[in-house]
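Step one of this worksheet: look at the structure below.
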Amino acid sequence: LSDALSGQLAGVQTQTSSGIPGEEMQILVRGASSINGSSSPLIVVDGVITESMSDVNPSDVASIQVLKDAAATSIYGARGSAGVVLIETKQASGSKPVITWESYIGTQNAVGLPEMMTAKEWLAYNIWYTNAKYLNKGGTNRLVNPNSDVADWTFRNDIPTTDWIDQIMQNALTHNHQVSVSSKGKKYSIYLSAGYLNQEGIVKNTGFERFNFRLNASVDLNRYIKAGATFAPTISHQDKGESEGKDKQIMNALLMPPII
């Protein structure tokens, strides 16, 4: 859901420091207002304060509002000092039962990747670098004889080349399915939905999977009393793999010799 907010609400900034599927985006409503404290806004879903929006299915959202400045603090006090994101989920509408099915499927792939050296280019560079390093230290002759067997490898056409960036990347498949049932009568209203999301990461062995269920129901007990219930369990699994950070997959792939 945080991805859907990007560029859609005036004065709201969204940013992420990770490309791992399912990773929560940082939302700034009033900018970075604190050095030590959190600058993330308070998130309220159907009147209930929550810590994250990653468990909210975008298909269940009816409206999103953002409260800033005095409007936020007057209602939620100091907890709303960084702003408040109000999310309202769908309720039943109309007099007849409605069944809705939504599905989409797509792919993701990395673009703008660096062009890696071939095995011949890597060998030629390392021979040059070794010679240059030796000569800079006062050597009088090349360390590697250009007529040696090692140098001869640069003229061969049968040297296997491995592009390690290509080996760890993949065309990632994403698919999402959502079914909902709603019905509304004179004294009752019920909205029921279930969804499934499976998002592969562009780095192999990363991904995000989510099962979600939502029930919004209300009933008029009499002229003065109205009872309601909201039930929204979510089961999610995030596989971060070993893709980001020092000495992880991406860095190792960039440093790995192509002759291996």
Query raised in the report: Does some side-chain heavy atom of Ile190 sit less than 4.5 Å from a side-chain heavy atom of Lys184?
Result: no
**Report entry** Parallel, tilted or perpendicular, as decided by the 30° and 60° cut-offs, for the rings of His177 and Tyr196
**Finding:** parallel
**Report entry** Pro21 side chain near Gln238 side chain, heavy-atom distance below 4.5 Å
**Finding:** no
Query raised in the report: Cut-off 3.5 Å, side chains only: do Tyr104 and Thr174 have a donor facing an acceptor?
Result: no
**Report entry** Leu254 vs Pro114 side-chain heavy atoms within contact, under 4.5 Å
**Finding:** yes
Requested in this report: Establish, from distance only, whether the side-chain atoms of Asn57 and Asn212 form a donor-acceptor pair under 3.5 Å.
Outcome: yes
**Report entry** Within 6.0 angstrom of Ile99 CD1, more than 12 heavy atoms from elsewhere
**Finding:** no
Report task. Measure across Glu200 and Ala172 and return the closest heavy-atom pair with its distance rounded to 0.1 Å. Result -> O-CB, 3.2 Å
Query - Hydrophobic cluster membership, Val45 vs Val85, 4.5 Å side-chain cutoff - result: yes
Query raised in the report: Any salt bridge between Arg214 and Asp46, counting N to O under 4.0 Å?
Result: yes
Query raised in the report: Would you say the side-chain atoms of Thr161 pair up with the backbone N or O of Ala119, donor to acceptor, closer than 3.5 Å?
Result: yes
Query raised in the report: When you look at CD of Glu88, are more than 12 heavy atoms from neighbouring residues, nucleotides or ligands closer to it than 6.0 Å?
Result: no
Requested in this report: With the side chain counted from C-beta on, respond yes when Asn198 and Arg210 share a heavy-atom pair under 4.5 Å apart, and no when they do not.
Outcome: no
Requested in this report: Check whether Leu215 and Ile235 end up in the same hydrophobic cluster, where Ile, Leu, Val, Met, Phe, Trp and Tyr are linked by side-chain heavy atoms less than 4.5 Å apart.
Outcome: no
**Report entry** Minimal non-hydrogen separation, Lys240 against Thr206, with atom names
**Finding:** O-CG2, 3.4 Å
Query raised in the report: Which heavy atom in Tyr191 sits nearest to a heavy atom in Gln178, and how many Å separate them?
Result: OH-NE2, 4.3 Å
Report task. Would you kindly confirm whether Val179 and Leu197 end up in one hydrophobic cluster when ILVMFWY residues are joined by side chain heavy atoms under 4.5 Å apart? Result -> no
Query - Hydrophobic cluster identity match, Phe231 and Val48, side-chain contacts under 4.5 Å - result: no
Report task. Kindly work out whether a path of hydrophobic side-chain contacts (I/L/V/M/F/W/Y, heavy atoms less than 4.5 Å apart) joins Ile250 to Leu113. Result -> yes
**Report entry** Any donor-acceptor N/O pair, Ser189 side chain to Ser218 backbone, under 3.5 Å
**Finding:** no
Query raised in the report: Going by atom types alone, do Asn176 and Glu102 pair a side-chain donor with an acceptor below 3.5 Å?
Result: no
Requested in this report: State whether the side chain of Gln170 and the backbone N or O of Gly201 hold a donor-acceptor pair below 3.5 Å, judged by distance alone.
Outcome: yes
Query raised in the report: Tyr125 vs Tyr129 aromatic rings, parallel, tilted or perpendicular, using cut-offs 30° and 60°?
Result: parallel
**Report entry** Ile43 side chain reached by Ile49 side chain, heavy atoms, under 4.5 Å
**Finding:** no
**Report entry** Nearest heavy-atom neighbours spanning Ala253 and Trp164
**Finding:** O-CB, 3.6 Å
**Report entry** Check: Ile87 and Val61 side chains under 4.5 Å, non-hydrogen atoms
**Finding:** yes
